[in-house]
There are 2 protein chains.
Amino acid sequence: MAERKTYHHGTLRQALVDGAKEILAERGHDQFSLNEVARRAGVSTAAPYRHFRNRDELLSAVAEEGYVTLAEKLENASGLARLGGAYVRFAHDNPGLFVTMFRSRPEGAESAAGRAAFEMLLRATAAAQDSGEIATHATPEITARSLWVTLHGLAVLHLQQPHDRYGLGEEPEQLATTTLSALLGLKSD
Amino acid sequence: MAERKTYHHGTLRQALVDGAKEILAERGHDQFSLNEVARRAGVSTAAPYRHFRNRDELLSAVAEEGYVTLAEKLENASGLARLGGAYVRFAHDNPGLFVTMFRSRPEGAESAAGRAAFEMLLRATAAAQDSGEIATHATPEITARSLWVTLHGLAVLHLQQPHDRYGLGEEPEQLATTTLSALLGLKSD
DNA sequence: ACCTGAACACCGTTCAAGT
DNA sequence: ACCTGAACACCGTTCAAGT
């Protein structure tokens, strides 16, 4: 807990992560540049390499924070339909961050927050099965995983084709409700 | 239909498309380089710009051929489970091409082959509804779209996490069957 | 310990010039 | 009409050198 002093910057590492998030929000994942992150932080292009092994490792740190935020959003949603809506909403509101989260290769250990997000979906699935809201022979794990897969596909395709082409709706919440309803016969509320 | 002679190359345009496919298969979408395509074709890095406006337009041409191949694969599959298996199998066997297909922004007009692929899923969905194999209140269009979304999510997540983490299986066909069964109660055959 | 300055190989793209 | 050669701005990454 000793007070640390850094040469030019207080906490360059976090400044880089924050700057990366800014660029992702402004320009998207495809236009992300490590050199630009350094420029925004006011340091040389070599400076980030004191804190991250390479560009991908910085993006992994960004992704990890993204998973934490996503898990928070999901916590505030109850029920399968709202959970699904929150997932697609997150992707819709943070496209660059969302794409980054699912591009960064989780080497070995998996994100704890990412795991926590899945656990929420798992609990909601088990509850919906217990209450008879959804009827499936599959285990809660397999069912929840299948739902995750569906929500992820919905988010990904929505980011590429934001306009409504198949009557699923335009708004993230509507997309999730319509899709889950079509597959599971889930009630909208 | 006049015989055309090109300076150094017979049909550079197709050579570039083919070379791009090779690189995508060898190195994947992230490592794709337009300059390397030119190098492989034995032309200068400026030559591709006689045939494509830019890098993205070449990748769009590649994507279009990918949709044609995908539609062919789907044609040889009958029933929802086999269609789904063929979709995930295609992504599994051609990851670089698959990613390219869903990154290239369809400006205005949509791929005819991509539309044809969806039509096949739509017909299989309607048939499954008619036979009572699947029971859902939703229209065939919305149901088919929801299934497409699911298969796409399955393919995307499988490419990132090829190992079996949730008991859905390892093989593309198994993944599709397990997932569709969990959501729809679809019979494996 | 942390950052700079300068370099390297590479990228996408442009444009005058060659045939 | 089609391609080359050379240039431009930019990228990710490395490394000796500064403080």
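Naming convention: chains lettered A, B, ... in sequence-line order (proteins, then strands); numbering from 1 in each chain.
Taking the six-membered ring for Trp and the full ring otherwise, B:Phe98 and B:His152 have centroids separated by under 6.0 Å.
One can place CZ of A:Arg39 at 18 Å from P of C:dC3, the figure rounded to the nearest angstrom. Atom P of nucleotide C:dC11 and atom CG of A:Asn35 are separated by 16 Å, given to the nearest angstrom. One can place CD of A:Gln14 at 16 Å from P of C:dC2, the figure rounded to the nearest angstrom. Atom-to-atom, NE2 of A:His51 to P of C:dA1 comes out at 13 Å; the value is rounded to the nearest Å. Straight-line distance from the CD atom of B:Glu57 to the P atom of C:dT13: 11 Å, rounded to whole Å. Across the protein-nucleic acid pair, A:Arg55 atom CZ and D:dG12 atom P stand 6 Å apart, rounded to whole Å. To the nearest angstrom, P of D:dG12 lies 11 Å from CD of A:Gln31. Distance CG (A:Leu34) to P (D:dT13): 7 Å, rounded to an integer number of Å.
Distances shorter than 4.0 Å separate none of the side-chain N or O atoms of A:Asn54 from OP1 or OP2 on D:dG12.
Of the candidate nucleotides C:dG12, D:dG5, C:dT4, C:dT4 has the atom nearest to the side chain of A:Ser44. The side chain of A:Ala46 approaches C:dG5 more closely than any other nucleotide in the set C:dT13, D:dT13, C:dG5. When the nucleotides C:dG5, C:dA6, D:dG12 are ranked by their closest atom to the side chain of A:Thr45, C:dA6 comes out on top.
Residue B:Ser33 is classed as a sugar-phosphate contact, given heavy-atom separations below 4.0 Å to backbone atoms only. Using a 4.0 Å heavy-atom cutoff across all strands shown, A:Arg50 reaches at least one base atom of the nucleic acid.
In terms of modelled atom types and a separation under 3.5 Å, the side chain of A:Gln129 and the main chain of A:Ala138 share a donor-acceptor contact. A donor-acceptor contact shorter than 3.5 Å links the side chain of B:Thr136 to the backbone of A:Ala182.
The pair A:Arg40-A:Glu26 meets the salt-bridge criterion, with a side-chain N (NZ, NE, NH1 or NH2) lying under 4.0 Å from an Asp/Glu carboxylate O. The pair A:Glu171-A:Arg89 meets the salt-bridge criterion, since a charged nitrogen lies less than 4.0 angstrom from a carboxylate oxygen.
Under the side chain to side chain contact (heavy atoms under 4.5 Å, CB included) rule, B:Val149 has a single partner from A:Leu183, A:Leu175, A:Leu157, A:Val156, which is A:Leu157.
Base pairing in DNA chain D yields stems of at least 3 consecutive Watson-Crick or G-U pairs, both distances under 3.5 Å, namely C:4-8 with D:12-16, C:12-16 with D:4-8.
Between the side chains of B:Gln14 and B:Asp18, at least one donor N or O lies within less than 3.5 Å of an accepting N or O.
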